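Atoms within each ligand, like the ligands themselves, are counted from 1 in listed order. Because only heavy atoms are used, hydrogens play no part in the values below, and waters and symmetry mates are left out as well, while side chains stay in. Predicted model, so just to flag it, every value in this text is computed and none were measured.
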Amino acid sequence: MNVMDSHFFEGAFVEAGLSAAVGAQDADLIILNTCSVREHAENKVLSRLGVLTRLKEVNTSLKIVVAGCMAQRMGGEITRKFPAVDLVLGTGRIADIVALTTAKGGAGCMVCTDGMGDAGPERYPYARAGAAHAYVCAMRGCDNFCAYCIVPKVRGRQVSRPAAKIIAEIEALCADGVKVVTLLGQNISAWGRDLGEGRGLAFLLEAVHEVAGLEWIKFLTCHPRDTDTAVFEAMRDLPKVASGIHLPAQAGSDFVLRAMKRGYTRREYLSKVAQLRDFVPQASIVGDFIVGFPGEREADFNDTLSLLEETGFRGSFVFKYSPRPGTAAAHLADDVPMDVKARRNNDLLALQRDVSLAQNRSFIGRRVRVFVEGPSRKNPDELTGRTLGDEVVIFAGSRREAGSFAQVDIFDASAAVLFGREVP
Ligand code: SF4
């Protein structure tokens, strides 16, 4: 969501006649688009603001903006700590960035954190530099209240964009060369609920599937309880729709899941996965886990290990719990010592590596269609791309522009990537 908002910022400024600076030294305006989900992310922003404050002492006309979730959460606390900041732009005011930063009289320590809960900009200008992939906002905010999560506080209640607006945006993107879209929502599996039209994510996927020129549709993120079988049917029946799903489990023990207020049990999570595999046997599932949630015992953590193994996640994002002010869990004692959190984090990642390797090795000998993203980061003579299930593929082949498709024969795999040869 933040990447998409950053694309919006860039597009909006390009439309207003500005252009991207080469680096911080050359910039007239610097925006830190922030995340609040973990304390670690916020600490990085605070330390970056220290650096930018020194930069502003040299370049006094520089404007500094802090945007996004941390801006929403901390508001004026940011300008009190860092008077060099010109504008604190909350999540509901994203659309106003150009007006607020270019208005005569300047920003001068403005804090704009009202307006939370709207659906974001009406129109999404993009500075995509010809990229064939685009993020598209399907909804913002979330109506769930997971005990650890700051999102409903900083992004507000769920607001879905009407299907017609999403379709119109995707049609415009495709007319401009986009071939792959990723539909975004903090809990996209609940898309449409607030629109009161009795239509859900499966309807949206079907409607987007009709857009001419569009080749692939990906979507993030799904809450296991809110993801219904109609979505799995869409994944099975609509060839453009991703065969991969991000279905965060967060924990494998009923005790911890209850404390997290996730709204499902371990058995219910596993039965959702079994349903998905009935519809899409090759479905590639990515998870999220939080280790060291208050009260998590060794037995609970072992349940998380076994859930990871039973589900057979292709990959997982693993986080050490940190309390977020304003959440229900912030009132609980953060009683798992940091060294235990770190060990559980490492153990879970090590198991995930083994599971990922086994998953990826099952691709050896198969031919996959790959969306080419560009030269590989490690070796510019190789290309990197992704499958419809979001597996990363590295392959040698004819140099192509980013944004084309290739057929690739997979001959090897690591835990992180598949290695292949392009089919001539
Ligand atoms: S469903 Fe996701 S975004 Fe919503 S409260 Fe839970 S963790 Fe946060």
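- S189 and H223 share no donor-acceptor pair across their side chains, judged by distance under 3.5 Å alone.
- In this structure, W216 and F371 have tilted ring planes: the angle between them lies in the 30° to 60° band.
- Near H223, the atoms of ligand 1 lying under 4.0 angstrom from a non-hydrogen atom of the residue are 1 (S).
- Residues in residues 345-361 take part in these salt bridge (charged side-chain N to carboxylate O under 4.0 Å, His left out) pairs, two or more places apart or across chains: R343-D347, R361-D412.
- Under a 4.0 angstrom heavy-atom cut-off, R155 registers as lying outside contact with ligand 1.
- In the model, S253 has no side-chain atom that pairs as donor or acceptor with a side-chain atom of D303 under 3.5 Å.
- By the side-chain hydrogen bond (donor to acceptor under 3.5 Å, both in side chains) test, D194 pairs with Q158, S160, sequence neighbours left out.
- Between the side chains of Y148 and Q250, at least one donor N or O lies within less than 3.5 Å of an accepting N or O.
- In R262, the part holding a heavy atom less than 4.0 Å from any atom of ligand 1 is the side chain.
- Excluding waters, the set of protein N, O or S atoms lying under 2.8 Å from atom 8 (Fe) of ligand 1 comprises C149 SG.
- Judged as a salt bridge (charged side-chain N to carboxylate O under 4.0 Å, His left out), the pairs with a partner in residues 255-270 (not counting sequence neighbours) are, in order, R266-E310.
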